[in-house]
Number of protein chains: 2
Amino acid sequence: MLSQAEENYLKEIYALEEETMQLVSTNALAEKMRTKASSATDMLQKLAQKALVDYTKYRGARLSSKGKSKAITIVRKHRLWETFLVEKLGFNWDEVHDIAEQLEHIQSQSLTDKLDAFLEYPSFDPHGHPIPNVNGKIVASDSILLSELNVDEEGILVAVKDSSDGFLKYLSKINMTIGDHIKVLDIEAFDNSVTIENNTTRLSISGNVAKNLYIKRL
Amino acid sequence: MLSQAEENYLKEIYALEEETMQLVSTNALAEKMRTKASSATDMLQKLAQKALVDYTKYRGARLSSKGKSKAITIVRKHRLWETFLVEKLGFNWDEVHDIAEQLEHIQSQSLTDKLDAFLEYPSFDPHGHPIPNVNGKIVASDSILLSELNVDEEGILVAVKDSSDGFLKYLSKINMTIGDHIKVLDIEAFDNSVTIENNTTRLSISGNVAKNLYIKRL
DNA sequence: AAATATATTTAGTCTTATCTAAATTTGCTG
DNA sequence: CAGCAAATTTAGATAAGACTAAATATATTT
Ligand SMILES: [Mn+2]
Ligand SMILES: [Mn+2]
Ligand SMILES: [Mn+2]
Ligand SMILES: [Mn+2]
């Protein structure tokens with residue numbers, strides 16, 4: 001059985017691999033885990049020892065198939081719990097991450113499966129992220145970042161990239177949520193800020209914000 | 001914030017105090033925690049240091065009011081989660097203890113409160129044990145053990161004392177659950193076994209079983 | 001290709017929670 | 001009340017996971 005620390009590292013290695021499509025470096029991992037490079041090295045050595053990652057000294061690591069399957073199980077639990085917290089307990093989408101960070105470590109296959117059934121097998125969590133099914137299968141997404149849209153293009157906001165408290169609270173403040181219909185009205189060349197129309201409201205968002213919103217083209 | 005180990009010890013000290021109404025001894029605590037006396041001593045010293053227990057070397061320990069309130073919070077969470085698992089997810093009452101043993105350590109006051117509301121503020125868990133309310137208040141019980149009933153007395157099974165898997169599975173097997181109407185037909189003097197009528201069925205249970213069933217007299 | 005900068009690993013320390021073995025205290029018995 | 005047994009504490013070790021400082025490897029510049 002894996003410790004919570006091991007599980008958290010596996011999940012982060014998985015996320016970094018998906019994001020960069022490259023070997024995960026010690027520094028990148030340490031930064032995400034908010035720890036020191038030496039700690040990341042220790043953990044990579046241990047995970048390699050347990051055959052959960054393929055790790056080459058000084059070069060970086062990637063998940064083994066065993067490690068990947070563990071990581072997906074944890075992601076599945078995390079997203080199911082987030083969905084439970086929002087759908088059943090009435091939390092806001094910006095309140096659930098830290099709680100799910102704990103709940104994802106509860107060890108019980110039958111609990112996960114019954115929770116999944118109770119929620120009626122959801123495909124996406126409150127942030128629009130896909131929930132792996134019981135076999136670890138994840139629905140492919142053809143969404144792109146809002147920053148990649150051109151003027152006059154439209155789409156539906158299907159997910160956020162950054163799901164930090166701060167970003168989610170900002171979105172709530174500007175009244176933007178998953179499912180919104182968005183149209184690009186203008187793009188400022190000098191700072192990449194984007195003027196959009198959303199819910200018949202016109203507003204301007206920074207380039208950084210635009211890079212954290214996943215849109216499905218209409 | 002308390003570690004899981006500290007929380008588990010606090011909960012067990014609380015249970016032992018309630019059960020024996022005496023100072024908790026190192027050996028008794030170690031046995032319940034399935035650890036060694038030296039480990040229990042270490043933990044008692046740490047808990048005393050944190051003012052969660054009043055502890056006198058060689059004499060034993062009792063919870064401080066701070067420690068008791070922590071313990072009750074953990075018991076509250078444990079029993080709320082057990083109720084959730086049975087009522088909402090469809091687990092059997094003999095499957096939930098180990099999962100709740102993990103869930104009780106999730107840190108989030110608002111989660112506990114929202115879960116309580118979602119379950120409509122239950123007063124008892126699936127084993128008939130009272131659930132402390134948000135202020136730590138526990139409903140007093142006037143139930144007695146089945147072993148204390150005399151021949152011809154009747155009552156309702158309101159709770160189990162032993163809530164181990166094995167005991168609960170046994171009760172399921174003989175078709176006995178919380179809420180059953182039970183009448184004592186006969187008591188064997190030589191081994192304290194009890195013949196009862198339950199659900200119009202007559203059956204015999206051992207003295208040990210009778211000592212683990214809480215009955216409310218009719 | 002050497003020099004420098006950056007990334008990574010290693011060595012050694014710390015804390016928590018466990019254990020075994022040894023020392024100490026308490027409590028009971030003769 | 002002395003002596004022994006049981007209960008409890010202390011001492012010393014171990015493992016996980018973190019940290020700092022030092023060593024080493026890799027990458028970038030001249
Ligand atoms: Mn986590
Ligand atoms: Mn999410
Ligand atoms: Mn527990
Ligand atoms: Mn219970």
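Proteins come first, then strands; the chains are lettered A, B, ... in the order of their sequence lines, and each starts at number 1.
- Between the side chain of B/Ser38 and the base of C/dT20 there is at least one donor-acceptor pair of N/O atoms closer than 3.5 Å.
- Remark: P of D/dA18 and CD of A/Gln45 are 14 Å apart, rounded to the nearest angstrom.
- Taking CG of B/Leu111 as the reference point, atom CG of B/Leu103 lies at 9.0 Å (rounded to 0.5 Å).
- Atom CG of B/Asn27 is separated from atom P of D/dA7 by 6 Å (rounded to the nearest Å).
- Remark: C1' of D/dA6 and CD of B/Glu31 are 14 Å apart, rounded to the nearest angstrom.
- Using a 4.0 Å heavy-atom cutoff across all strands shown, A/Ala5 reaches sugar-phosphate atoms only and no base atom.
- Nucleotide D/dA16 holds its P atom 23 Å from the NZ atom of A/Lys36, rounded to whole Å.
- Side-chain atoms of B/Thr26 stay outside donor-acceptor range of the base of D/dT9, with no qualifying N/O pair under 3.5 Å.
- Below 30°, between 30° and 60°, or above 60°: for A/Phe84 and B/Phe84 the angle between ring planes is between 30° and 60°, a tilted geometry.
- Using a cut-off of 4.0 Å between Lys/Arg side-chain N and Asp/Glu carboxylate O, B/Lys68 and B/Glu17 are scored as not salt-bridged.
- A/Gln4 has its CD atom 11 Å from the P atom of D/dA18, to the nearest Å.
- Residue contacts shown for B/Thr41 include a base, since a base heavy atom lies under 4.0 Å away.
- Each of A/Lys70, A/Lys50, A/Lys11 was compared with A/Glu6 under the salt bridge (Lys or Arg N to Asp or Glu O under 4.0 Å) criterion, and only A/Lys50 meets it.
- Between the CG atom of B/Leu44 and the P atom of D/dT8 there is a distance of 10 Å, given to the nearest Å.
- In this entry the distance linking CG of A/Asp42 with P of C/dA7 reads 19 Å, nearest Å.
- Between the CE atom of B/Met43 and the P atom of C/dT16 there is a distance of 10 Å, given to the nearest Å.
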